[in-house]
Student: 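Please find one structure pasted underneath; my questions will follow.
In what follows, every chain begins at residue 1, and chains take the letters A, B, ... in the order their sequences are listed.
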Amino acid sequence: MQDYDAAEIVCMDCGFVVALNLANRGPEWRAFDHKEYEKKARVGSPQTFTIHDKGLSTMIDWRNRDVYGKKLSSSQKAQIYRLRKWQRRVRISDAYERNLALALSKITKIANSLSLPRNILETASLIYRKAVKKRLIRGRSVQEIGAASVYIACRQCGLARTLDEISLASSISKKKVGRSYRYLLKELNYFVPPMKPRQYVSKFSNQLTMQGNVEKVASKILVAASELKMTCGRGPKGIAAAASYIAAALTGEQMTQREIAEIAQVTEVTIRNRYKEMIKRLLFIMSL
DNA sequence: AAGACGAAAGTGGTTGA
DNA sequence: TCAACAACTTTCGTCTT
C-alpha cells in the first residue's frame, strides 16, 4: 500500500513502513471545500472517493477568453457567465453534495492526523457515501458519522486503531463514535470481525521500536495461545500486550510491564494476569 | 529505588428477565 | 427497565532484584 501524503509504502498487515520518499503521482493539491476545489481542479487527476464528485467534473475557466486567448464579445461573455452559474448549481446544488463535500474533508483530516494510509481514507470515504445514499445521516452529526466511517475502514482493513485514537483525532467523544459505529454497521449490514490480538502485536512492536523477531515470537505465542483456546472471551489488547511482554523477555529485550501497558492502553495488572495464564499453559504443553 | 506481584474494591457496558 | 455479570481498572501494601 502506498501512502502518497506521507511518501511511504506501508504494509497493510501491520502498518509497517516499507519505503520512503516516493514520487507523488496523484494531484498535488488537496481540496477542503468546494471553492478551493474549483480553483485547483484540472484535467487528468486520478479518480478518488475522497472528493465529493470523485474528482471527475469539468470546469469552466474564469477568464473571459477563448481558446486562442482572445477576449470574448459581450454576448459571449454573458453566455459563459450563465453556463458557469448553471454548472455551479449542478455540482453543489443539493444538500447531498454539500454534505458530502464537507464530510469528506473532515474524514481526510482525521485520517491524516492518524497518518493512516491512503486506502483507509478511500474506504472510509466510500462508507460515508453509502451512508449518505441510504439517508442515514439525517439528524446526525456529520463529524460523528465521518469518524465512525474511519473506524470501520480501519477495522475492515485489519489496521489496529482503537476507538480512543479515533476519538482523539476527531475530538468527538468515544461514546458518540462508538454509537455511530454500531449504527452504521447495523444499517449498512456490515460485518466486522473482532480484532485479532495479532494485529495489535504488530502495532505495539512498532511503537515500542522492538526488533523484528520479537514480533515474530509474539505471533508464535499467540498462535499457541489461541490453539489452547485461551484467547476467547478476553480482550485482544491484553492478550497482545502479554504476548509482547513474554516475547520481549524471551528475546532478551526486557521491557517493563509498565512500558508495554502504556502503549497497549491496558494496565499492568491485566498484562500480569494474561501472561501468568499463558506461561502456565505454555509450560505445561512444553513439558509433554 | 524501581519493578513485579496480588488482593480487593470500583467501573462501564452487555445480557436476560 | 433493572440487576447480575464478566472483563478490566484502580488502588495499595508487600515482595524481589
Student: Would you please name every residue forming a side chain to side chain contact (heavy atoms under 4.5 Å, CB included) with A:Ala242, sequence neighbours left out?
Tutor: A:Arg274, A:Tyr275, A:Met278

Student: Separation of A:Glu268 atom CD from B:dA7 atom P, in whole Å?
Tutor: 16 Å

Student: Quick one: pull up NZ in A:Lys175 and CG in A:Leu163 and give me the separation to the nearest 0.5 Å.
Tutor: 13.0 Å

Student: Could you measure the distance from the CD1 atom of A:Ile263 to the CG atom of A:Leu208? Nearest 0.5 Å is fine.
Tutor: 4.0 Å

Student: For A:Thr162, does its backbone N or O pair with a side-chain atom of A:Glu165 as donor and acceptor, under 3.5 Å?
Tutor: yes

Student: Give a yes or no answer on whether the side chain of A:Ser226 reaches the backbone of A:Val223 with a donor-acceptor pair at less than 3.5 Å.
Tutor: yes

Student: Which stems does DNA chain C form, counting runs of 3 or more consecutive Watson-Crick or G-U wobble pairs with both distances under 3.5 Å?
Tutor: B:1-11 with C:7-17, B:13-17 with C:1-5

Student: Using a 4.0 Å cut-off on heavy atoms, which residues in residues 234-246 of chain A reach DNA chain C? List them by number, or say none.
Tutor: A:Arg234, A:Gly235

Student: Please answer: with hydrophobic residues joined when any side-chain heavy atoms are less than 4.5 Å apart, are A:Val192 and A:Tyr128 in the same cluster?
Tutor: yes

Student: When all nucleic acid strands are considered with a 4.0 Å heavy-atom cut-off, which category describes A:Thr256: base, sugar-phosphate, or nothing?
Tutor: sugar-phosphate

Student: Any Lys/Arg nitrogen of A:Lys203 or A:Glu215 sitting under 4.0 Å from an Asp/Glu carboxylate oxygen of the other?
Tutor: no

Student: In residues 273-280 of chain A, which ones come under 4.0 Å of DNA chain B, going by heavy atoms?
Tutor: A:Tyr275, A:Lys276

Student: Tell me which pairs pass salt bridge (Lys or Arg N to Asp or Glu O under 4.0 Å) where either residue lies in residues 185-196 of chain A, with sequence neighbours left out.
Tutor: none

Student: Check whether any side-chain N or O of A:Gln254 sits under 4.0 Å from OP1 or OP2 of B:dG3, and answer yes or no.
Tutor: no

Student: Which pairs pass side-chain hydrogen bond (donor to acceptor under 3.5 Å, both in side chains) with one or both residues in residues 142-152 of chain A, sequence neighbours excluded?
Tutor: A:Glu144-A:Ser180, A:Tyr151-A:Arg155

Student: Using the rule given for side chain to side chain donor-acceptor pair (under 3.5 Å), can you reason through A:Lys130 versus A:Tyr190, listing the C-alpha separation, both sets of side-chain angles and the distance that settles it, and then say yes or no?
Tutor: CA-CA 11 Å; A:Lys130 282 190 189 168; A:Tyr190 276 0; 3.0 Å; yes

Student: Enumerate all atom pairs, one protein N or O and one N or O from nucleotides 8-14 of chain B, separated by less than 3.5 Å.
Tutor:
| unit_1 | atom_1 | unit_2 | atom_2 | d |
| --- | --- | --- | --- | --- |
| B:dT14 | OP1 | A:Arg182 | NH1 | 3.3 |

Student: If you look only at pairs with a residue in residues 258-271 of chain A, which of them pass as a salt bridge (Lys or Arg N to Asp or Glu O under 4.0 Å), with sequence neighbours excluded?
Tutor: A:Arg258-A:Glu268

Student: Write down the protein N/O and nucleotide N/O pairs, taken from nucleotides 14-17 of chain C, whose separation is under 3.5 Å; answer none if there are no such pairs.
Tutor:
none

Student: Would you list the pairs meeting salt bridge (Lys or Arg N to Asp or Glu O under 4.0 Å) in which at least one residue belongs to residues 239-253 of chain A, sequence neighbours left out?
Tutor: none

Student: Rounded at 0.5 Å granularity, tell me how far CD1 in A:Ile110 sits from OG in A:Ser170.
Tutor: 4.5 Å

Student: Can you check the A:Glu262 CD to B:dA4 P distance for me, whole Å?
Tutor: 14 Å

Student: Can you name the side chain to side chain donor-acceptor pair (under 3.5 Å) partners of A:Lys280, sequence neighbours left out?
Tutor: none

Student: With salt bridge (Lys or Arg N to Asp or Glu O under 4.0 Å) as the rule and sequence neighbours excluded, what pairs involving residues 232-248 of chain A come up?
Tutor: A:Arg234-A:Glu277

Student: Could you give the CZ-to-P distance, from A:Arg272 to B:dA7, as a whole number of Å?
Tutor: 11 Å

